[in-house]
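Accompanying notes for the structure given below.
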Amino acid sequence: MSIMKRRTAYDFLALAVSALLGALTVAVVPACQRTPGDVSEETATDSSTADQQTANLQTDDSSGIDQSQQETVWESAATDDVSVDSAITDVSEKDVQSSDEVVSPNEATASEDLPDAQQENSPTGDNAVTEETTQDIAATSSNDESSDPLAAVDKASNPDIQPGDWAQWGGSTYRNNTPIGTNIPIEWSIGKIDRRTGEWNPTGSENIKYVVRVGSQTYGNIVISKGSLFIGTNNSAGYLSRYASTVDLGCLLSFNETDGQFLWQHSSEKLSTGRVHDWPLQGICCAPLVEEDRLWFVSSRGEVICLDAQGYYDDEDDGPVTAEWENLLSINVDLTKGLDEGALHADLRSEFARVGYELPEQVEMTTVEAGKSWEMAAELESGRRLFKANVRGSKLVVQFQITIADKHEADTIWSYDMMSELKISQHNMCSCSVTSWGDILFVNTSNGVDESHINIPSIEAPSFIAMNKNTGEVLWTDHSPGSNILHGQWSSPTIGVIQGEPQVIFAGGDGWVYSFRANEGENGKPELLWKFDVNPKVSKWILNGRGTRNNIIATPVIYDGLVYVAVGQDPEHGQGIGHLWCIDPTCQGDVSAELAVHVDDRNQTISHRRLIAVEPEKGEIAIDNPNSAVIWHYSEQDQNGDDKIDFEETMHRSCGTVAIKNDILLIADFSGLVHCLHAKTGEVHWTYDMLAESWGSPLIVEDKVYVGDEDGEVCVFNLSIDPHEPIAENDMGNSVYSTPIVANGVMYISNKSHVFAIQSKINE
Amino acid sequence: MKYYLIGCQITLFHNFPKKKGVPHTKGEEFVSWIRFRGGTLLLVSCLLMGCFAAPAQAADSLDWPHWRGPRYDGVSTETGLIDDWDSEGGPGSNVLWSSEELAGRSSPIVMNGRVYTIVRNEPGTTKEGEKVVCADAVTGKILWENRFGVYLSDVPDTRVGWSSCTGDPATGHIYSLGVCGIFQCLDGETGETIWRIPLHERFGLLSTYGGRTNVPVICDDLVIISAIVIGWGDQAKPAHRFLGLNKTTGEVVWISSTRLLPYDTTYSTPTVCVLAGQKALVFGSGDGAVWALQPRTGKAIWQCRLSRRGINVSPLVIGNNVYAGHSEENMVGTTMGIVVAIDGAGHGDITDTGQRWRIEELMMGKSSPIYIDGRIYCVDDRAKLHCLDAASGEAVVRRKALGSKQKASPLYADGKIYTFTEDGRWYVLRPKTSGGVTVVSQGRLSDGGECHASPICSHGRLYVQTTTRMYCLQDKEKQPGVSDREPAAEETPVDPNQPVAHVQLVPADALLRPDEKQPFQVRLFNNRGQFLRVAPAEEVELKLAGPGQMDDQGVYTVSQDTGHASATITAKVGPLTGRSRVRIVPAIPWHFDFENLKDLPISWVGARYRHVLRNVDGNQVMVKLTTIPKGTRSRSWFGHSDLHDYTIQADVMGGEKAGKMPDIGLIAQGYTLDLKGAHQELQVRSWTSQLRIAKTVPFTWRPNTWYSMKLRVVNDGDQAVLLGKVWLRGEEEPDQWHVETTDPAPIRTGSPGLFGNAKDAEIVLDNIRVTPNS
């Protein structure tokens, strides 16, 4: 391994010092958990949330938190912050208890063989938590719950991650990318790829099981389920003969998990309205959800689609949607010659043959409308096949009816067009990776602005919806972001059981996080549990990313009963100022860090405004929210204590989600910084400048962290709180915008054009 | 007085003086227009033409009149430039001056002791617009500003000031294209506007949110500019089109189009160069190809298709080699990005034959490369510096990480590469003979500024514009000097006896009024696009198709009673023809009821193709279609841009599809009255995404129902007053205006037109009336 780039692991003060800093600057008890008397005098301030929190903690003697207690807790956080995962054994009991009330969607039971490997592989043995310490923490929490800053932490609410498939974005509804795998390679070599044909030449490759050709731009993350690999991409690979590789489509591809053989493709033709709704060549930008033999995803045309995960390989055309008509040819209108007389032009026959339908001599022709519309039937090897031919402008468009013989086609179960049914107008792209709870499917519609980037054409259209996953029936809709949508809505929902109740958490295009009860709602409306403004009230939205107000592209992550989300924007808008929040989801109502009020009437909050929530010149101010759910907030921390905030001490915008294991949180941002924080305190352990933007999310597996970047490198770090350079950098050939995953002992990484199945020889 | 002869190129033809007259540059012997008189040409005036342009001093070789430098290659011959600097300023920082007023995103230029750039004007205010700013090159003191509006555009304010100015050393003039399409020729000394053309209203320039705006280039007597243009008549489909304009008058000399329906807008600045003895304009196009055109005729020399989307990098031309790149999809396979060496001596479509080498997956999509001693140095979109062997394309050393994002092109001067990443990291690098670079110095802008602009140098000073300020950098300890450099390639000399290969009828496109006269001139070129002579009348067969008369002196006179019409004039010289298109638009009042028409008025810009006429219950109406790919939301214009103080009224009806309604807009004097469907609002505005003076009121209206809409604009002292109303057609017009606002930074004149957003449902219009106020 050679580290070619000039890279800078940012050196911090000694751990103890940084722990102290963390203790001074980070809040751990959300205001909403304090007793009323604890709430500090509301002070008007226009400084950032972080500053307010800091000010509060530092100056507020009446906070009600016993100082010594706080220190104790901090001490334990500082020294025992690694490998708290061992608490998982401690928690399993609780897990079983709570599973009485809440049925995990996977019906998984607490496993007795929870991976001890995790403990064995814990990154820094000397930091490993002793049983004694764990008990101490447990004791603290049970003895004095009201003052325990981490009382809200509900370890029982973590999903039960098993070795095996990885069947949705983030692996589970909790979206924490920490699969279980063993012997996952740290280093590999992709071999050679022919740039013209895309073919893989394994010569010289190392630890590569297989390579799959996908489109030219691939943002959809990989999902593995029941022996199949699924990925969203564009049509540049041209797997279907009916669409040349130069035809721009959104494609959801399915491959055999074992050897990467192509199975089937779902094709979404581009919307004619162009980039405002359906950006050229970006394809399907989400990851599907797969359960058993069903798959759900959102297409580039704004549809929620349910497919048969096996396609037609089960030799069944599953319904209700059956015998789909699909476009086969769009050719010169001159080839209609003779159709009225029942004769097929030789060139028309060869066009059929070109796309895989060699027509026999005998073709039954029916003229529906002379010179305009025909129907055809023919006996082919695959049985009796039906076609329709229609003149559309200067083109003859031929359609065919799909049968179970068309193995390379997708078997649609149902499809729901959000653009026509819900009047949504997605901005640039629909990108939601859907998730489900029981029979309910949750979707962010991606409703957004139009070409002007100011006007929201469909203010009334919903942003968040719940559907019956079996039928596609809409159960409830919510349009809370409405007229406050800043740009688009590209985040995906997260579901977790919080204190026994499942919550579905959506990040809105207005920069608010919304949590609803994850049920069928009432009268078509969901029950809002809490909402959280990720932006400081005085921040301002300015077009093209010049402002300080942000929206959210990342998917919220739930870990130990806490919610984590970073702010972001369209990567084109630059790295900007970012925020990373840790939120207590047990609070109710508006749980934002701040409230917007008028200086003369602080009891009346000002309703949220899109571009700027507080205008100081109008006498408006931001005050601390007594009902704040903030556990901690990270935007910048003066790590080296030089009273200056350096580039490396700043959280920038990110569209990546956090990954957390053993209380170690990792996230990468648009400026190329990888940030490692304490998940419970927000204390920054280290940052590392990859000198390349990262759009994906980290993968944590075993005791290693994998982060892909725009330069096409995957950096591997130790899951460690000690600052360090990457232990390996693997060249993937071109940009890695996606997130690495692990399923069934194999790591999968997609760059823009290929999927690489990476496996050590031991696991073969 | 010393006259600067513009190569061997002879200018001129000139309009009959128009009402406004054509400002002369001072002290100049103005040569009159050429006429066809009794079949004899005043050839003598031709010979004087070269002097027409300017009383210019010889061009200062240390000036930097174009953002890529005098030779369009990012290379300077100057020596004694800084090795290091400190953006904090102060003693020893090598910061001669820095100016927040000159902050922006475009590369500056330096000419005649002045630095010129385009920036936002009064940002964030109700008066916001754009301006060309001129400052003293040594002190940074602002000498003048030329302010102009941004209107009828989707561009965000943060992308204003996108393009760079270009200076013409021969005349001292400055050329600038604003983000919304205001194209200007300015007096470089005073900042006065010599001529101004709103390219959006006049030609249908597309000004989008993306903001991509092109940089003008000068070739002889022409200033050449390009954009995605949705024109009139047979140019109603969009294309990346080039306009060759007379640099003194703004008259259209030629229009040239790349492939129709490109996927993207583009900002690839053309490189003016000589390829195999032939003068060429080499650029990347919105259609995904690199093209070479003859700059004097607009004729294509070759094209090389590289990308499925647009190309934004300005090509580098060294000898006959053209180095180009992009970071979009390649034509074959699933890769994105390429750096390619093209054999620039070719002809025709050289996609398959003309690529000497290609390095795929090198994402050079924004920053242009530089050539140093047989090597190509390029910075990819992720701010990684590559050093390639110019002959083979092979990497000489592994890429070097400079940062994470790159927009600016590097500068090579004084044996050093100066480069800035977008996130504000800067480097001074020295190329190594073994390949690669040594870091002389590096740092980060201390004030958080970003850098979209390329550094330039002139007279021992470096200039760089960041989003927070402009820096002028000079090491006063060093002695400025100049090193030698091979002269630029020269054109094959013109032989006047060469056969004629191209006939140019000038103007190529004109917008006239009834009764107006327009002289035409026929100019002949050889096959290398070099000017041979003006065609004597006896050699030319002029043919007019359309209303009006063409006299034997080549002067076209529009008939007095001509309505909204067009004419085509062809000039036949032997087997060759040249062609001009003329639009005729009468004075207001106008009334369009579309009866007895087969298509929309041909003189409208951006209207045909996106709209059709349809007969509804025996009444002919105009319909904006929902099916035009990428064309369902658009603007169109009816005529002259000098109109003001008028009222536009129309009967309008919005369709409904899946519960969605369209937005219907009328345009007057640069302002839009927008009846918004989804929002059920009425809005009057100037600038779509900035809404600086916009006024919006709730307005409930129904689909499939006829309304009458009226927009009136009144110039009132220092302001413009905007008044709009809508009522049910057939009902009495309400006395009150529904929406009113005033503009303290008024758009004084502008063409009437339409805005429509028919993505969701069709728009139907009828009885469009434009009448003078009062």
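Every chain is numbered from 1, with letters handed out A, B, ... down the list of sequences.
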Chain A interface, residue from [options] that has the most non-hydrogen pairs under 4.5 Å:
{"options": "B:Thr421, B:Leu402, B:Asp154, B:Thr632", "result": "B:Asp154"}
{"options": "B:Val332, B:Thr208, B:Val155", "result": "B:Val332"}
{"options": "B:Glu450, B:Lys657, B:Gln690", "result": "B:Glu450"}
{"options": "B:Gly333, B:Gly124, B:Ser404", "result": "B:Ser404"}

So which of [options] has the largest heavy-atom pair count under 4.5 angstrom toward chain B?
{"options": "A:Ile193, A:Thr246, A:Thr197", "result": "A:Thr246"}
{"options": "A:Ser483, A:Pro457, A:Gly198, A:Gly672", "result": "A:Pro457"}
{"options": "A:Arg213, A:Lys270, A:His277, A:Gln217", "result": "A:Gln217"}
{"options": "A:Gly545, A:Pro280, A:Ser425", "result": "A:Pro280"}
{"options": "A:Glu460, A:His754, A:Glu710", "result": "A:Glu710"}

Could you state the interatomic distance from [atom1] ([X]) to [atom2] ([Y]), rounded to the nearest 0.5 Å?
{"X": "A:Thr273", "Y": "B:Ile628", "atom1": "OG1", "atom2": "CD1", "value": "13.0 Å"}
{"X": "B:Arg444", "Y": "A:Asp646", "atom1": "CZ", "atom2": "CG", "value": "9.0 Å"}
{"X": "A:Ser735", "Y": "B:Asp381", "atom1": "OG", "atom2": "CG", "value": "9.5 Å"}
{"X": "A:Asn734", "Y": "B:Thr334", "atom1": "CG", "atom2": "OG1", "value": "8.0 Å"}
{"X": "B:Met363", "Y": "A:Lys752", "atom1": "CE", "atom2": "NZ", "value": "3.0 Å"}

Are [X] and [Y] side-chain neighbours, meaning at least one heavy-atom pair lies under 4.5 Å?
{"X": "B:Arg425", "Y": "A:Leu691", "value": "yes"}
{"X": "B:Arg382", "Y": "A:Asp709", "value": "no"}
{"X": "B:Lys405", "Y": "A:Gln575", "value": "no"}

Using modelled atom types only, decide if a donor and an acceptor are shared between the side chain of [X] and the backbone of [Y] within a distance under 3.5 Å.
{"X": "B:Arg633", "Y": "A:Glu451", "result": "no"}
{"X": "B:His679", "Y": "A:Ile456", "result": "yes"}
{"X": "B:Lys660", "Y": "A:Met419", "result": "yes"}
{"X": "B:Thr158", "Y": "A:Leu543", "result": "yes"}

Proximity breakdown for [X] and chain B, heavy-atom pairs closer than 4.5 Å:
{"X": "A:Val276", "answer": "side chain"}
{"X": "A:Leu281", "answer": "both"}
{"X": "A:Ser245", "answer": "backbone"}
{"X": "A:Lys423", "answer": "both"}
{"X": "A:Glu572", "answer": "both"}
{"X": "A:Asp194", "answer": "neither"}
{"X": "A:Glu421", "answer": "neither"}
{"X": "A:Ser671", "answer": "backbone"}

Go through the atoms of [X] and report whether side chain, backbone, both or neither lie under 4.5 Å from a heavy atom of chain A.
{"X": "B:Met661", "result": "neither"}
{"X": "B:Asp380", "result": "neither"}
{"X": "B:Asp264", "result": "both"}
{"X": "B:Gln683", "result": "neither"}
{"X": "B:Thr688", "result": "both"}
{"X": "B:Lys676", "result": "side chain"}

side-chain hydrogen bond (donor to acceptor under 3.5 Å, both in side chains) between B:Arg308 and A:Ser216, worked out
CA-CA 11 Å; B:Arg308 291 172 63 188; A:Ser216 58; 4.9 Å; no

What closest approach, in Å, do [X] and [Y] show between heavy atoms, and which atom pair accounts for it?
{"X": "A:Asn544", "Y": "B:Pro156", "value": "CB-CG, 4.4 Å"}
{"X": "B:Glu361", "Y": "A:Ser753", "value": "OE2-OG, 4.3 Å"}
{"X": "A:Ser452", "Y": "B:Ser689", "value": "O-CB, 3.4 Å"}

Going by distance alone, is a donor N or O of one side chain under 3.5 Å from an acceptor N or O of the other, for B:Thr467 and A:Arg546?
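Looking only at side-chain atoms, A:Arg546 and B:Thr467 do not form any donor-acceptor pair under 3.5 Å.
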
Test the A:Arg275-B:Tyr209 pair against the cation-pi criterion, namely NZ or CZ under 6.0 angstrom from the six-membered ring centroid and within 45° of the ring axis.
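Negative - A:Arg275 is either too far from the ring of B:Tyr209 or too far off its axis.
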
Run A:Arg196 and B:Glu360 through salt bridge (charged side-chain N to carboxylate O under 4.0 Å, His left out) and show every step you take.
CA-CA 9 Å; A:Arg196 287 301 187 91; B:Glu360 278 153 339; 3.3 Å; yes

Please check if atom NZ in B:Lys630 has more than 12 non-hydrogen atoms from other residues, nucleotides or ligands closer than 6.0 Å.
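Check passes, neighbour count above 12.
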
If the threshold is 4.0 Å, N to carboxylate O, is there a salt bridge linking B:Arg399 and A:Asp731?
no

